[in-house]
Every structure is written in C-alpha cells, then in structure tokens.
Amino acid sequence: MKGTLTRTAAALLALGLTCAPALAADEIKIGFLTTLSGPGASLGSDVRDGFKLALTHSGDKLGGLPVKLDVVDDQQNPQTGRQTVERFLKRDKVDLVTGVVFSNVLLPVLPGILQANVPYLSVNTGPRDYAGEKCDPNFFAVAWQNEDIPAAMGKFATDKGYKRVAMIAPNYPGGRESLDGFKRLYKGEIVEEIYTKLGQLDYAAELATIRVAKPDAVFFFLPGGMGVNFIKQFDGAGLNKQMALLAPGFSADEDTIKAVGESIVGLYNSSQWAADLDNPANKRFVADFVKTYGRTPTMYAAQAYDTALLIDSAVKKVGGKIEDHAAFQKALKAADFQSVRGKFSFNNNQYPIHDLYMREVYKTADGKITNKTVGTVVQGYKDPFAGECKMGG
C-alpha cells in the first residue's frame, strides 16, 4: 500500500511539473561569434559595437533580462567557428547565437546550431540555401538575403543605361551570390565575371583584364580591406576616368571611405540602410554611436543594432519566458520593433521585406566625405527564394 501511495505521489508531482507554466529566465545567454582579426576585423568590430550600443540603450538588459554576452573572434576561420559554437552549445548552454560576418564561417557552423534547436540571428549574411528549401524556424536573417543589395544595384545600372558591365567578387558563397543578385535585375551584357581569393589584396591582374574588356561600369563585391585596396588600385590605374564603379553599400561604407579618401567621392552604392534616414530610431542610433565610439556607424553596426532590438522585443513579448521555445520563435518572427532602416518585417522564410536605397559618396561643405541617400531603388523588396520555403507566413 505504501509503495502504491509513493508511486501515486510521484506521478502527481511529475504531472504538476509538466503542467507548470514556464517561468521567466534569470538571464539570457548569447554566444556572439564575429570577426575581430584579419582583413575583416573592422566589420566585426562594428557588429560588436552596434549590438553593445543597443544593450546600453536598453539598460544592459534585453526584454528586462540581464544579458550574459560572450564575444569571441572567429578569425574568419570556419574551424575556429566550429570549436567556439560547440562550446556555446554544450558547455555554455546559450539561448541564442549571433554575430557572424562572413558566410564561409556561418555555413559550416549553422547546421549544428539549428540541430541543437537554438535560434541563430544573422547580423549580416543571408545565404540562399536557408532562404529557400532549407529555411528553418530557428534561422532569422535580420540583415538581408545575399542577393538583395546587389540586385538593387543591378536595377540602378540598368536605369543609368550601362550596357556592358564587368563584375568581380571573392570566390566564396557570399561573393558568388552577390554577383547572382546583380545579374537578377541587370538587363545589359556581363562582359567579365571575375572571382578572386577571399582576402586577396592585389588586383593588378584583374584590373588588366577589366581594362581590356572596356565595360561601361564595374560592379564589385569585396568586403573589408579587399574593397579598400581595389578602389585605390582602380583609381591608381586610371580606370575611374574610363568607366563607372558600382558597389553594394558595405563596400562603400564609412570604414572604406575613411581608408580610401578623396578618390571614393561620387561612388554610387546600394543599401537597406543609410545614416541619414529620417526616422527616430535611426537618429538616436547614429547620434549615440558617434558620441560613444567617435565614428559614423556602418551598415554592419546598424544591422547588429537592429538584431539586439529584435531580441529585446521578443523577450518582452514572452514575458522573459525564453524557455518557451515555440513562443520565443513566434515573438522573434513578429519583428515588433522600430528598425533603424524604417519599414521592416519578416517574410515566410524569416528573411526581411524592406526598402532598398541608393546612396552616393559626397563631400560636405566642411570637407567631410560620407554617404547621402539619393533615392529608393525598390520598395518592399522580397528575396526571390521565399517561395521555395515551406514555412508558413
């Protein structure tokens, strides 16, 4: 009889535990893997600083929860990334992972994160695979799909009447998908499609090929120090007097402007964000970033800032009960926050629906070289792969 009562009590206790409502967490643990060394270090630094500024704005909490943020340098090395992510998942038991800049690091580490049923929020790369058939309820592309911004530049090049274009990018997923994006909305002839090594800094051979091809314009996707060197060498070779130079925004951003100087003035670049966008969230972000870090923010900083705002909104929406995984996913997908880029929502594949702008590098009256918004290229842009995703809207 005593054994029966003991078993009954145990069963009732188990039932009570099962039926108990989820309790709010004591903290939210975030694994932040980004590039803080090598040619891409400036990009990772901006990602980190943008995210940390959002934390400051929210009182060093997200959705009311204290934040345990573990920032680790991936060295732009997939193996380093794998080792760090394994620690995040197995030892640290993080609640989510974010921060990766380069797709050659993200793609190898992402399957392990998703298989562990941990959300990954992308502050930068939005690979094609996960926009379509491999879309996953734990993957959120907060920045853009890899083709978005280059596609806007392709449309711009068509509208400007450039009949013949040469293209150049590093030979890795982000580079190849960026050139695919340009081609998606460009209606002219591609006279050269050149792929380089990731991290390459000398472009003498590639520029010689471009000179022979004599295009009307050159579209390049070369992030970080790669783009800085390419622009300088393009100008040094005198090609800027023979053909237009076109770039995605991240290859003509504030870090590149500072490194290149006068020769970048006049460069058109497409972006989902600009420092001069007229909305309250963006004005606060830009002003406080300059005040805190002493420099104008880049797209990378803006994307990371948005990511932190998204997390903050989702934690609030679930009342801090982030252990309720389904509810937390739903709250993230709702994207109930004021993005610095203006209008923002997630498509069914959890990639953005957003406007794409054209910026131009110019010199202000007091001699500062920076970007200004000169128009909207596409409104409410949706990536072309969402239809392949089987998740609901």
Side-chain angles (χ1 to χ4, degrees), residues 30-31 33 78 81-82 85 88-89 94-152 172-181 183-185 272 303-304 306-311 313-314 317-318 322 324-337 339 341 343-356 378 380-393:
I30 299 175
L33 180 69
R82 285 194 191 96
V85 164
F88 284 162
L89 299 174
V94 298
D95 297 300
L96 59 88
V97 182
T98 188
V100 178
V101 173
F102 291 93
S103 57
N104 71 308
V105 175
L106 179 62
L107 289 174
V109 305
L110 191 55
I113 298 170
L114 302 181
Q115 288 164 15
N117 201 28
V118 171
Y120 181 81
L121 280 66
S122 184
V123 298
N124 194 47
T125 181
R128 172 176 178 168
D129 287 356
Y130 290 89
E133 291 182 356
K134 290 175 68 176
C135 63
D136 189 285
N138 279 313
F139 182 76
F140 297 84
V142 187
W144 26 259
Q145 200 279 320
N146 284 349
E147 289 195 12
D148 288 3
I149 294 169
Y172 80 113
R176 294 190 296 271
E177 291 177 19
S178 292
L179 297 197
D180 286 344
K183 290 185 287 186
R184 191 171 293 278
L185 296 185
Q272 91 291 6
Q303 290 156 191
D306 264 358
T307 300
L309 295 185
L310 171 62
I311 298 167
S313 70
K317 196 174 279 285
V318 298
I322 55 177
D324 187 343
H325 196 73
F328 189 45
Q329 280 181 333
K330 184 178 180 182
L332 286 167
K333 189 165 186 175
D336 188 13
F337 73 101
S339 169
R341 77 191 74 181
K343 296 177 182 177
F344 178 96
S345 61
F346 281 123
N347 206 344
N348 67 297
N349 60 353
Q350 297 174 177
Y351 279 61
I353 300 172
H354 51 183
D355 295 344
L356 301 175
V378 187
Y381 187 80
K382 302 176 182 179
D383 74 83
F385 308 109
E388 301 169 15
C389 173
K390 303 306 179 187
M391 291 194 297

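These figures come from a predicted structure and were not determined experimentally. Index from 1, following the sequence.
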S.K.: Main chain of Gly174, side chain of Ser103: is a donor-acceptor contact present, judged purely on distance under 3.5 Å?
M.R.: yes
S.K.: If you compare all heavy atoms of Pro173 against all heavy atoms of Leu107, which two are closest, and at what distance to 0.1 Å?
M.R.: CG-CD1, 3.6 Å
S.K.: Any side-chain heavy-atom pair from Ile30 and Val94 closer than 4.5 angstrom?
M.R.: no
S.K.: What are the two closest heavy atoms between Ser313 and Asp336, and how far apart are they?
M.R.: CB-O, 3.2 Å
S.K.: Less than 4.5 Å apart, side chain to side chain, heavy atoms only: is that true for Gln350 and Cys135?
M.R.: no
S.K.: If I take atom NZ from residue Lys134 and atom CZ from residue Arg128, how far apart are they, to the nearest 0.5 angstrom?
M.R.: 12.5 Å
S.K.: Just by modelled atom types, is the Ala131 backbone N or O under 3.5 Å from a matching donor or acceptor in the Asn349 side chain?
M.R.: yes
S.K.: Are Val100 and Tyr120 packed together at the side-chain level, in the sense that at least one heavy-atom pair is separated by less than 4.5 angstrom?
M.R.: yes
S.K.: To the nearest 0.5 angstrom, please state how far the CD atom of Gln329 sits from the CD1 atom of Ile322.
M.R.: 13.0 Å
S.K.: Specify the closest pair of heavy atoms between Val85 and Leu33, including all atoms of both residues, with the distance to one decimal.
M.R.: CG2-CD2, 3.9 Å
S.K.: Please answer whether the main-chain N or O of Pro352 pairs with a side-chain N or O of Asn347 as donor and acceptor at a distance below 3.5 Å.
M.R.: no
S.K.: In chain order, what residues pass the salt bridge (Lys or Arg N to Asp or Glu O under 4.0 Å) check against Arg184, with sequence neighbours excluded?
M.R.: Glu147
S.K.: If you take all heavy atoms of Ser339 and Asp306, which pair is closest and at what distance?
M.R.: OG-OD2, 2.6 Å
S.K.: Would you say the side-chain atoms of Asn348 pair up with the backbone N or O of Ala386, donor to acceptor, closer than 3.5 Å?
M.R.: yes
S.K.: Taking ring pair (Phe, Tyr, Trp, His ring centres under 6.0 Å) as the test, write out the residues that go with Phe346, two or more places apart.
M.R.: Phe140, Phe344
S.K.: Who passes ring pair (Phe, Tyr, Trp, His ring centres under 6.0 Å) against Phe88, sequence neighbours left out?
M.R.: none
S.K.: Please report the C-alpha distance between Leu356 and Trp144 in whole Å, then the side-chain angles of each, then the deciding distance to 0.1 Å, and finally whether the side-chain contact (heavy atoms from CB on, under 4.5 Å) criterion is met.
M.R.: CA-CA 10 Å; Leu356 301 175; Trp144 26 259; over 6 Å; no
S.K.: Enter the distance from Leu121:CG to Leu310:CG here, rounded to the nearest 0.5 Å.
M.R.: 5.5 Å
S.K.: List the atom of Pro119, the atom of Leu332, and the distance in Å for their closest heavy-atom pair.
M.R.: CB-CD1, 4.4 Å
S.K.: Can you find a heavy atom in the side chain of Leu114 that is under 4.5 Å from one in the side chain of Tyr130?
M.R.: yes
S.K.: Is it the case that more than 12 heavy atoms not belonging to Glu388 sit under 6.0 Å from its CD atom?
M.R.: yes
S.K.: Could you state the interatomic distance from CG (Asn104) to OG1 (Thr125), rounded to the nearest 0.5 Å?
M.R.: 9.0 Å
S.K.: State, with a plain yes or no, whether a side-chain heavy atom of Asp324 is found less than 4.5 Å away from one of Val318.
M.R.: no
S.K.: Restricting to non-hydrogen atoms, name the atom on Glu177 and the atom on Gly126 that form the minimum distance, rounded to 0.1 Å.
M.R.: OE1-O, 4.3 Å
S.K.: Let me confirm one number: the CG-CD distance from Asn138 to Gln115, rounded to the nearest 0.5 Å.
M.R.: 11.0 Å
S.K.: Measure the CG-CG distance between Leu179 and Asn146 for me, rounded to the nearest 0.5 Å.
M.R.: 11.0 Å
S.K.: Taking the side chain from His354 and the backbone from Gln272, do they hold a donor-acceptor pair closer than 3.5 Å?
M.R.: no
S.K.: Could you label the plane-to-plane angle of the Tyr351 and Phe139 rings as parallel, tilted or perpendicular, counting under 30° as parallel and over 60° as perpendicular?
M.R.: tilted
S.K.: Is a side-chain N or O of Arg341 found less than 3.5 angstrom from the main chain of Gln303, in a donor-acceptor match?
M.R.: no
S.K.: So, Asp383 versus Gln145: side-chain donor-acceptor pair below 3.5 Å or not?
M.R.: no
